[in-house]
Asker: 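If you scroll down you'll find the structure; I have some questions about it.
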Amino acid sequence: MAEEKPLPPKPAPPKPPATMAVIPWQAELAARLKDRFGDRISELSSYLGQNFAIAQPEAIVEILEWLKSEGDFDYLVDITAVDWPKKPDRFELVYILYSFSRNERVRVKASIPEGFRPQSAAGVHLTANWLEREVFDMFGIEFSGHPDLRRILMPEDWQGYPLRKDYPILQQDEHWVHENVGIESGQ
Amino acid sequence: MPDATFLDSTELVLNMGPQHPSTHGVLRVILKLDGEKVLGTDCVIGYLHRGVEKIAENRTYVQFNPYVDRMDYVAAVSNSLGYCLAVEKLINVEAPPRAQTVRVILTELNRIASHLLWLGTHALDIGALTPVFYCFREREEILKIFENYCGARLTTHAFRIGGLQYELYEGFEQEVKAFCDMFLPKVAEYEELLTNNRIWVKRLQNIGILTAEECKQYGVTGPVLRAAGVRWDLRKAQPYCGYEKYDFLIPTRQNGDTYDRYLVRMEEMRQSVRIIRQAVEGIPDGPAIAKVPKVLKPPMGEAYVSIEAPKGELGYYIVSDGSTQPYRVRVRPPSFVNLQALDRMVRGALIADVVAVIGTLDIVLGEVDR
Amino acid sequence: MIRAFLKRVFLVDLFEGLRVTFRNQKPKYIYTEQYPAQRPKVAERYRGAPRLNLNPETGEPLCIGCNLCALACPESLIVMTSIRDEKTKRKTMNTFLFDTSRCMFCGLCEEACPSDALELTQDFELATYTREGQIWDRKMMEEGPKPTRYKC
Ligand code: SF4
Ligand code: SF4
């Protein structure tokens, strides 16, 4: 936690001109979330009938914990990230949750700048272990407090993070294939 | 010359895979052993990583469709269905009823094909050599239907965004019905071979137990979850493609061991036949594909859509930035998430059980690694 | 209890299994195909080797050089050039390269073709001795592959 960067700037990042046509998420759960976390949740919306909350990255694990104990969201479906290189907070972390008893899905999202180390959710949901490893592998987002943060899909000595938008796929591929397989890449 | 600590220790590290026949592909499991007892495992995956998610960012929505077939290649139709549903959600289009019914038939056939492949290879791992031949024989019939329908057997590319590309061929209904009639006695035959077989029962019962609580913790879905007693199936919980119209049961068992997972899958095949029979009776007339613009440009937004694939919940999270290419496609693969529970399931078991547990998880490495 | 014991002693489960195996031993249940001798009949819609169709009456290529197939292909493996015919002022296909080694036979190119010129046919024997042999030119596309027929 020591090397965690200071809080990202308070105001929400400027949205690009075309935005998602969201409608506010109005439900009992949304109100309770707002009550509990106040301005640490900046947006509660719904798009195409799918609800999501945008939160401060520091609050994510706490929100997951609360949703698990209070909201019965006991199944973490997926953790992933989206790279928006043009935005000040480059990565958007996405947590997809499901509740068996409510039969409902909710997404929790947070924007983090490059180098920010979000807290690992592996203590709340065991499944976060591999999912976070994959996010680390693909985007280079390091989770603090993760039990075993290694690359998972790419080879251990791989350079760069493939799912970043600025990742030069051809050059890397040629380099790696040449180095390790000893042939010229077929691309 | 091993050093002294090595001689003192009773732990042995054993590498299983990446080409071990019972790992169903290129999975490498590093086992920490004490004698024959497993103290811990570490899965090394990624040998089959093809960067499907990266490919998606460089293709148009339509062009990416054939690639999803190559993830879980034994259940390509399910993959394709999930992707098409996700994009349809983004562009707010619904497939016409005819397409939906055909989709249900094909995905259920595919579920049977996937379970048959699982049954054959799982039995092979345990040491029962015969079922694999029978399973492949029946699977062949399904693949023939696929081939007649869309021209490919494995990576079918059967669905398109908005509906179906191919009209049903002459005799499709009869062939499907004939398959259903032929298939049910065959399931009984497999059960005759295995269910009461003493070796089979001994090798499977109380092996690799995963309780309902652990399943939820690990995010494990599909037959594994149902064998632990959770009656949860996305086809019932959040129906898509008109699954709510069909009358079928979700088989569950209580113990959550390998034997129960076997029984759940066997029953699932029967239920699939039941769904197919209902669906094929009333394929509605009408167009096979909805009106979809030639150049797909979903509005800026995102959607997560998941379906019940043979292995569990298969989800697609697609982010669109308003252009013709998806900004980000995230696949939530059931095999990848289920495989994570392997460590929990084999801790304290014997090496031979590892083989059984990998088999029972029904992983496809193409999907684990994507 | 006794029943279970007797079942055990007389290996009932074993014989039950054997019954199934013997039931399936009839020669009429043989499914194996003797491949090179006995060639499988693939489905009509099978997506195999690509072909550029010719107009059956005139022998002219049906392709109108629109390049749509190249645009539709996810692998961008079709490279074609077209020239404008001086007399008719229509575009015609000049060269056509199709890299079968990268093709995944998804059928998108075939669907995109407005003139039914490009077609994925029922030929499934695409193996060649060289990598370069996998790249088909216009001539090859029009004539189709000629796999060796074995007699056994
Ligand atoms: S079949 Fe698919 S991959 Fe092959 S050339 Fe046509 S569009 Fe491209
Ligand atoms: S789409 Fe058809 S007509 Fe157009 S260039 Fe390709 S083969 Fe020729």
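Below, chains carry the letters A, B, ... as their sequence lines are ordered, and counting in each starts from 1.
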Asker: Given the options A:Asp74, A:Asp148, A:Asn103, which has more heavy-atom pairs under 4.5 Å with chain B than any of the others?
Answerer: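 When all of A:Asp74, A:Asp148, A:Asn103 are compared, A:Asn103 has the most.
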Asker: Once you round to the nearest 0.5 Å, how far does CG of B:Leu90 lie from OH of A:Tyr47?
Answerer: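 Between atom CG of B:Leu90 and atom OH of A:Tyr47 there are 6.5 Å.
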Asker: Give me the atom names and distance for the closest heavy-atom approach of B:Arg332 to A:Val77.
Answerer: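 Where B:Arg332 meets A:Val77 most closely, the heavy atoms are NE-O, 3.0 Å.
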Asker: Go through it in stages, so that I can follow the logic: the residues are B:Gln340 and A:Arg133, the test is side chain to side chain contact (heavy atoms under 4.5 Å, CB included), and I'd like the CA-CA distance, side-chain angles, deciding distance and then a yes or no.
Answerer: CA-CA 12 Å; B:Gln340 193 177 174; A:Arg133 271 176 76 184; over 6 Å; no
Asker: What part of B:Asn92 is in contact with chain A, defined as an atom under 4.5 angstrom from a non-hydrogen atom: side chain, backbone, both or neither?
Answerer: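 Side chain only.
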Asker: Between B:Tyr218 and A:Trp130, does the ring centre distance come in under 6.0 Å?
Answerer: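 No, the ring of B:Tyr218 stays outside the 6.0 Å limit from the ring of A:Trp130, centre to centre.
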Asker: Considering non-hydrogen atoms only, spot the tightest contact between B:Ala303 and A:Leu48 and give its length.
Answerer: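 Shortest heavy-atom contact: CB-CD1, 4.1 Å.
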Asker: Could you tell me the separation between the CD atom of B:Gln217 and the NE2 atom of A:His125, rounded to the nearest 0.5 Å?
Answerer: 7.5 Å
Asker: Using non-hydrogen atoms only, which part of B:Leu225 is less than 4.5 Å away from chain A: side chain, backbone, both, or neither?
Answerer: side chain
Asker: Chain A heavy atoms under 4.5 Å from B:Phe336: which part of the residue, side chain, backbone, both or neither?
Answerer: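 It is both, since atoms from each part get that close.
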Asker: Which answer fits B:Arg330, side chain, backbone, both or neither, if we ask what part of it has an atom under 4.5 Å from a heavy atom of chain A?
Answerer: side chain
Asker: Can you tell me if B:Lys54 uses its side chain to pair, donor with acceptor, with the backbone of A:Lys165 under 3.5 Å?
Answerer: no
Asker: Within the side chain of A:Gln50, is there an N or O that forms a donor-acceptor pair under 3.5 Å with the backbone of B:Tyr304?
Answerer: yes
Asker: Under 6.0 Å from the ring centre and within 45 degrees of the ring axis: does the NZ or CZ of B:Lys216 meet both conditions for the six-membered ring of A:Tyr98?
Answerer: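 Verdict for A:Tyr98: no cation-pi partner in B:Lys216.
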Asker: Would A:Leu163 and B:Arg328 count as a side chain to side chain contact (heavy atoms under 4.5 Å, CB included) if you check the C-alpha gap in whole Å, the side-chain angles of each, and the deciding distance to 0.1 Å?
Answerer: CA-CA 9 Å; A:Leu163 279 182; B:Arg328 167 106 173 88; 3.6 Å; yes
Asker: Which atoms of B:Arg344 come close to chain A, meaning under 4.5 Å heavy atom to heavy atom: side chain ones, backbone ones, both, or neither?
Answerer: neither
Asker: Can you tell which of A:Glu134, A:Arg150, A:Arg151, A:Met138 has the highest number of heavy-atom pairs within less than 4.5 Å of chain B?
Answerer: A:Glu134
Asker: Are B:Glu302 and A:Lys109 within salt-bridge range, i.e. N to O under 4.0 Å?
Answerer: yes
Asker: Between B:Tyr327 and A:Asp83, is there a donor-acceptor pair closer than 3.5 Å when you use the side chain of the first and the backbone of the second?
Answerer: yes
Asker: Going by an N to O cut-off under 4.0 Å, is there a salt bridge joining A:Arg105 and B:Glu313?
Answerer: yes
Asker: I'd like to check B:Tyr47 versus A:Leu153 (side-chain heavy atoms, cut-off strictly below 4.5 Å). Are they in contact?
Answerer: no
